[in-house]
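The structure appears right after this line, and notes come after that.
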Amino acid sequence: MGSSAEMKGKNVTADEKETYFTKNLTALVVDDSKMHRMIHKKLLATLGVESQEAENGKEAVDICLSGKAFNLILMDYDMPVMDGREATKLLRENGVNTMILGITARSREWEREEFMAAGLNDCQEKPLTRAKLLSALQEVDAKLSS
């Protein structure tokens, strides 16, 4: 299996994906910015991960509570209607155990700690890099394989 460093900057084909993930992975991309959703979906696609998108936390909660399951949720902090903190808290309160990776432009430690306390598995600063995303996906894949 190649390392994250070996994969950096390399396009991963569907055949190569099998080398990195033992399962077909799915993700929900939650961000009010159409551009950020597009970038994250493209990053996921290059790693062979199917994704769906939501424009705000309420939409994400509605999708997840409707029975749609994902292996990973990429959750923005600042969004209208319902922010990422509130959405994460509601998902956890309703038994959603999916790995939630918080994505934020906020750099103040207390804000990131508040976001983590809502129930995130990890929090990364924007922009989300391929290496950070690959690391989260490999963790999800390892849990599914054990």
Side-chain angles (χ1 to χ4, degrees), residues 4-21 23-144:
S4 297
E6 290 170 338
M7 289 196 51
K8 196 170 188 176
K10 176 182 170 191
N11 285 333
V12 178
T13 66
D15 291 337
E16 290 173 306
K17 179 191 89 124
E18 295 304 319
T19 305
Y20 296 98
F21 306 122
K23 307 282 184 197
N24 290 327
L25 302 179
T26 59
L28 178 61
V29 178
V30 188
D31 201 305
D32 59 316
S33 164
K34 186 175 183 175
M35 181 185 68
H36 284 128
R37 287 194 315 270
M38 182 185 70
I39 290 168
H40 293 155
K41 284 182 64 133
K42 283 189 179 195
L43 270 173
L44 288 161
T46 64
L47 294 169
V49 177
E50 290 184 34
S51 63
Q52 184 174 337
E53 61 187 83
E55 293 182 24
N56 60 62
K58 181 179 182 333
E59 195 176 310
V61 169
D62 290 346
I63 289 168
C64 291
L65 297 185
S66 75
K68 181 80 174 161
F70 300 94
N71 302 111
L72 176 68
I73 299 172
L74 299 179
M75 183 72 73
D76 184 30
Y77 185 101
D78 286 311
M79 295 178 285
V81 183
M82 182 184 291
D83 68 21
R85 201 173 27 139
E86 186 178 347
T88 299
K89 187 175 181 204
L90 275 173
L91 289 171
R92 295 304 190 215
E93 287 173 356
N94 283 281
V96 175
N97 294 319
T98 301
M99 175 185 258
I100 304 176
L101 178 61
I103 315 282
T104 183
R106 293 176 177 257
S107 57
R108 290 187 217 128
E109 190 60 34
W110 67 269
E111 290 172 317
R112 293 170 60 93
E113 287 173 6
E114 268 189 356
F115 201 9
M116 285 294 297
L120 295 180
N121 295 89
D122 193 13
C123 188
Q124 297 291 333
E125 206 167 310
K126 286 184 181 178
L128 182 62
T129 65
R130 182 183 181 92
K132 290 174 186 174
L133 182 57
L134 180 60
S135 176
L137 289 167
Q138 285 173 331
E139 185 177 334
V140 167
D141 187 58
K143 285 180 182 175
L144 291 173

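Heavy-atom minimum distance, Cys123 versus Phe115: SG-CD2, 3.9 Å. When every heavy atom of Arg92 is checked against every heavy atom of Gly119, the shortest pair comes out as NE-O, 2.9 Å. Among all heavy-atom pairs drawn from Glu114 and Tyr77, the shortest one is OE1-OH, 3.8 Å. When all heavy atoms are compared, the tightest approach of Ala60 to Ala54 is N-CB, 3.8 Å. Closest approach of Ser51 to Val29, counting heavy atoms only: CB-CG2, 4.2 Å. Closest non-hydrogen pair, Ala87 versus Gly57, comes out as CB-CA, 3.6 Å.
With a 4.5 Å cut-off on side-chain heavy atoms, Leu90 and Leu65 do not count as touching. Leu44 has its side chain within reach of Leu137: a pair of non-hydrogen atoms, C-beta onward, lies under 4.5 Å apart. Residues Asn56 and Glu59 form a side-chain contact, since some pair of their non-hydrogen atoms from C-beta on lies under 4.5 Å apart. Taking 4.5 Å as the limit, every side-chain heavy atom of Thr104 sits out of range of all side-chain heavy atoms of Glu111. Looking at His36 and Ile103, their side chains never come closer than 4.5 Å, going by heavy atoms from C-beta outward. Leu28 is listed as a side-chain neighbour of Cys64, based on a closest heavy-atom distance under 4.5 Å. Residues Arg112 and Glu125 meet the side-chain proximity criterion, which asks for heavy atoms closer than 4.5 Å.
Look at Lys126 and Asp78 and you find no salt bridge, because none of the NZ, NE, NH1 or NH2 atoms lies under 4.0 Å from a carboxylate O.
Annotation: Glu50, atom CD; neighbour count of heavy atoms from other residues, nucleotides and ligands within 6.0 Å does not exceed 12. The environment of Lys132 atom NZ is dense: over 12 non-hydrogen atoms of other residues, nucleotides or ligands sit within 6.0 angstrom.
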Applying salt bridge (Lys or Arg N to Asp or Glu O under 4.0 Å), run through Asp76 and Arg37 and close with a yes or a no.
CA-CA 10 Å; Asp76 184 30; Arg37 287 194 315 270; over 6 Å; no
Check the pair Ile73, Leu91 against side chain to side chain contact (heavy atoms under 4.5 Å, CB included), reporting the backbone distance first and the verdict last.
CA-CA 11 Å; Ile73 299 172; Leu91 289 171; 4.1 Å; yes
Trace of the side chain to side chain contact (heavy atoms under 4.5 Å, CB included) decision for Leu133 with Val49:
CA-CA 11 Å; Leu133 182 57; Val49 177; over 6 Å; no
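With rounding to the nearest 0.5 angstrom, the CD atom of Gln138 is 9.0 Å from the CG atom of Leu47. Here CG of Asn71 is found 10.5 Å from CE of Met99. Values are rounded to the nearest 0.5 Å. Summarising the geometry, atom NZ belonging to Lys143 is positioned 4.5 Å from atom CD belonging to Glu139; distances are rounded to the nearest 0.5 Å. The distance from atom CG of Asp62 to atom NZ of Lys58, rounded to the nearest 0.5 Å, is 3.5 Å. For the atom pair OG1 of Thr98 and CZ of Phe70, the computed distance is 8.5 Å after rounding to the nearest 0.5 Å. Atom CD1 of residue Ile100 and atom CG of residue Asp122 lie 12.0 Å apart, to the nearest 0.5 angstrom.
Side-chain atoms of Asn121 do not come within 3.5 Å of backbone N or O of Leu101 as any donor-acceptor pair.
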